[in-house]
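Worksheet: one structure, shown below.
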Number of protein chains: 2
Amino acid sequence: MNQPQINPNVSVDCALFSFDGSELEVLLIERMAGETTLEDDLLALPGNLIYQNENLDQAANRVLFELTGLENIFLEQVYTFGDPARITKEKDQDWLKKIRVHPEARVITVAYTSLVKKSNLKVSPSSFARKALWVKVKEVPQLAFDHNEIFTKALDFLKQKIYLQPLGYELLPERFTLAQLQKLYEAILDDSFDKRNFRRKILRTSFIVPLDEKQQGVAHKPARLYRFDKSQFHQI
Amino acid sequence: MNQPQINPNVSVDCALFSFDGSELEVLLIERMAGETTLEDDLLALPGNLIYQNENLDQAANRVLFELTGLENIFLEQVYTFGDPARITKEKDQDWLKKIRVHPEARVITVAYTSLVKKSNLKVSPSSFARKALWVKVKEVPQLAFDHNEIFTKALDFLKQKIYLQPLGYELLPERFTLAQLQKLYEAILDDSFDKRNFRRKILRTSFIVPLDEKQQGVAHKPARLYRFDKSQFHQI
DNA sequence: AAACTTAGTGTATTTGTGACACATTTGCGC
DNA sequence: GCGCAAATGTGTCACAAATACACTAAGTTT
């Protein structure tokens, strides 16, 4: 089979979010420039040029797989960024010159986002990332290209989405407590809620079903465990 | 000034909606193939390849301007379509071969949408459209490329958006009655509402302000006129 | 057994939604 | 000028959802 052909004008970038129990985090990479990285380079969202024979969803999944080994993640398209000036920062140009056949090419990028469990994910160095790290969304530094803008848009997208779909099941263990779930909602929406009202509201949906199990070995009253019922997701 | 350079891989398409008082309509074109059109060609959404030195919003506005003469329309990005198979219908290939330097090029397209007043708009034949016509959204035929999918996504986008922003002001005359507004909402959302409940809800927002004027010359009780207050739009 | 920690629960108030029917104001035709 | 046709404009009740708010229960630690 031939090497797939690259489309020099279109890339995908992925904003992957995770949850450490109290704060939301985003996956950033140290981008490779050939065999090494540049000094003091900016962090970036994982992303790459698309192949000519794959569609955009496939490209996003491939890029993610190449970096993380994760497959069958539900990535969703967020927005497309196409300002000609988006690749003109000096550090970005330095990097592009090192690794692209056409470093000056106009590149528009289609942003995707997803929520993943950190524990599922073994980040493996790849052709385009030496190292990947989880950064708290409140502590995201200046990023490469227009990735700060992409990151912000992806986070806004999630905030919208969580009202329509129970996204949380991607981020919590299979069995979880309502306190965990509430913290997740609070982290995504950057807000805080009354415990009783949150419980009432979330239990009115049929997505979340109580189990006959309790937490073990905690130094206080153990909480009841719940799980998501995906079969109920389309019955909003 | 030089001819602007074209990016062969990226296009924009616009789904423009208008309102005839009772039904929602979308603007479709008969696409040109050089000096003429092809026989039995499919209708299409207006769109074209982008220039290398313009951003996506600018490209969408330019394409729209070239077709309609409309400027300063508030176009919003909807979604990006990039399936390699999106340009492979036979009629689309025939057309591409007639007009594109690289008819086989992989083209991804960024969809935009907007609402416009039909009366503002003098559609002028352009390099890429011989003729443009308004088609009721319920009567949209099979379109070129993946334009049916784009059209559907744009309409869904509007349905979402109208709950967050009072889109209507683009589609109604400056002074309008609540019955007109209600019909517009019903057309966009493809639903019908109770008159009293609709009024109560819409007047609770501060976007819509009553005037001390009434309809003239109607063969029934004349309705009060209202106008939009755009300064209130961001106070939801 | 006392102290600590988090879980779990109920009520009252306000706000929004949906269903529903009739009098009012105008122009028109006679 | 009278009656008719046509669309406007309005209020209430029942129900659902949202908010504010405080104490007891169950387990662990010392």
Side-chain angles (χ1 to χ4, degrees), chain A residues 20-23 159-160 162-166 168 172-173 175-227 232 235-236, chain B residues 19-23 159-160 162-164 166 168 172-173 175-227 232 235-236:
Chain A
D20 71 354
S22 69
E23 294 195 67
K159 287 183 191 178
Q160 295 293 325
I162 201 171
Y163 281 118
L164 307 174
Q165 255 183 46
L172 291 176
R175 297 168 308 152
F176 53 87
T177 69
L178 292 186
Q180 288 176 301
L181 186 66
Q182 181 171 350
K183 275 191 184 142
L184 172 60
Y185 271 73
E186 291 177 341
I188 292 177
L189 295 170
D190 194 18
D191 201 351
S192 68
F193 309 111
D194 176 83
K195 182 165 55 160
R196 278 169 292 194
N197 295 340
F198 179 80
R199 278 160 188 255
R200 182 159 24 146
K201 196 165 166 179
I202 210 78
L203 292 176
R204 230 191 353 248
T205 75
S206 46
F207 312 133
I208 288 168
V209 298
L211 301 172
D212 285 329
E213 278 182 273
K214 294 186 174 186
Q215 281 182 311
Q216 303 272 330
V218 287
H220 53 77
K221 175 170 176 179
R224 179 165 207 161
L225 296 174
Y226 294 77
R227 65 174 179 79
Q232 300 294 308
Q235 302 186 19
I236 306 186
Chain B
F19 183 61
D20 73 354
S22 70
E23 294 197 68
K159 287 182 192 180
Q160 294 293 325
I162 201 169
Y163 280 117
L164 306 174
L172 291 176
R175 295 169 310 149
F176 53 87
T177 70
L178 292 186
Q180 287 176 300
L181 186 67
Q182 182 172 350
K183 276 191 183 144
L184 173 61
Y185 271 71
E186 290 178 340
I188 291 177
L189 295 170
D190 193 19
D191 201 351
S192 67
F193 308 111
D194 176 82
K195 183 165 53 160
R196 278 170 290 194
N197 296 339
F198 179 79
R199 281 161 186 255
R200 184 177 27 177
K201 200 164 164 177
I202 208 80
L203 292 176
R204 227 190 358 243
T205 75
S206 45
F207 312 132
I208 288 167
V209 297
L211 301 171
D212 284 330
E213 280 182 89
K214 294 184 173 188
Q215 280 182 312
Q216 303 272 331
V218 287
H220 53 76
K221 176 171 175 177
R224 179 166 207 160
L225 296 174
Y226 293 77
R227 66 174 179 79
Q232 302 292 308
Q235 302 185 18
I236 307 185

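Chain letters run A, B, ... following the sequence lines, proteins first, then strands; residues in each count from 1.
Remark on DNA chain C: of its neighbouring residues A:Ala223 and A:Asn197, the 5'-side contact belongs to A:Ala223, judged by nearest-heavy-atom nucleotide. DNA chain D is contacted by both A:Arg204 and A:Gly217; A:Arg204 maps to the nucleotide lying nearer its 5′ end (nearest heavy atom per residue).
In this model, a side-chain donor or acceptor of B:Arg200 finds a partner on the base of C:dG18 within 3.5 Å. No hydrogens or angles were tested; on distance alone, a donor-acceptor pair under 3.5 Å links the side chain of A:Lys195 to the base of C:dG8. A donor and an acceptor atom never sit less than 3.5 Å apart when one is taken from the side chain of A:Arg196 and the other from the base of D:dA18.
Between B:Asn197 and the options B:Lys201, B:Arg199, B:Arg200, a side-chain hydrogen bond (donor to acceptor under 3.5 Å, both in side chains) holds for only B:Arg200.
Between B:Tyr185 and B:Phe198, the two ring planes are perpendicular [angle over 60°; tilted spans 30° to 60°].
The distance between atom NE2 of A:His220 and atom P of C:dA2, rounded to the nearest whole Å, is 23 Å. Counting to the nearest Å, the P atom of C:dG18 and the CD1 atom of B:Ile202 are 14 Å from each other. Regarding B:Phe198, its CZ atom lies at a distance of 14 Å from the C1' atom of D:dG9, rounded to whole Å. Counting to the nearest Å, the P atom of D:dA7 and the CG atom of B:Asp194 are 17 Å from each other. Put simply, CD on B:Gln215 is 20 Å from P on C:dT24, counting in whole angstrom units. To the nearest angstrom, C1' of D:dA17 lies 9 Å from NZ of A:Lys201. When the P atom of C:dG8 is taken as reference, atom CD of A:Gln180 falls 11 Å away, rounded to whole Å. In this structure, A:Leu225 places its CG atom 11 Å from P of C:dA7, rounding to the nearest Å.
Using a cut-off of 4.0 Å between Lys/Arg side-chain N and Asp/Glu carboxylate O, A:Asp190 and A:Lys159 are scored as not salt-bridged.
Here the shortest heavy-atom pairing between B:Gln182 and B:Lys195 reads OE1-CA, 3.7 Å.
Atoms NZ and CD, on B:Lys221 and B:Gln215 in that order, are 11.5 Å from each other to the nearest 0.5 Å.
Phosphate contact (OP1/OP2 of D:dA26, side-chain N/O of A:Arg224, threshold under 4.0 Å): absent.
A:Arg199 comes within 4.0 angstrom of a nucleotide base, judged by non-hydrogen atoms across all strands.
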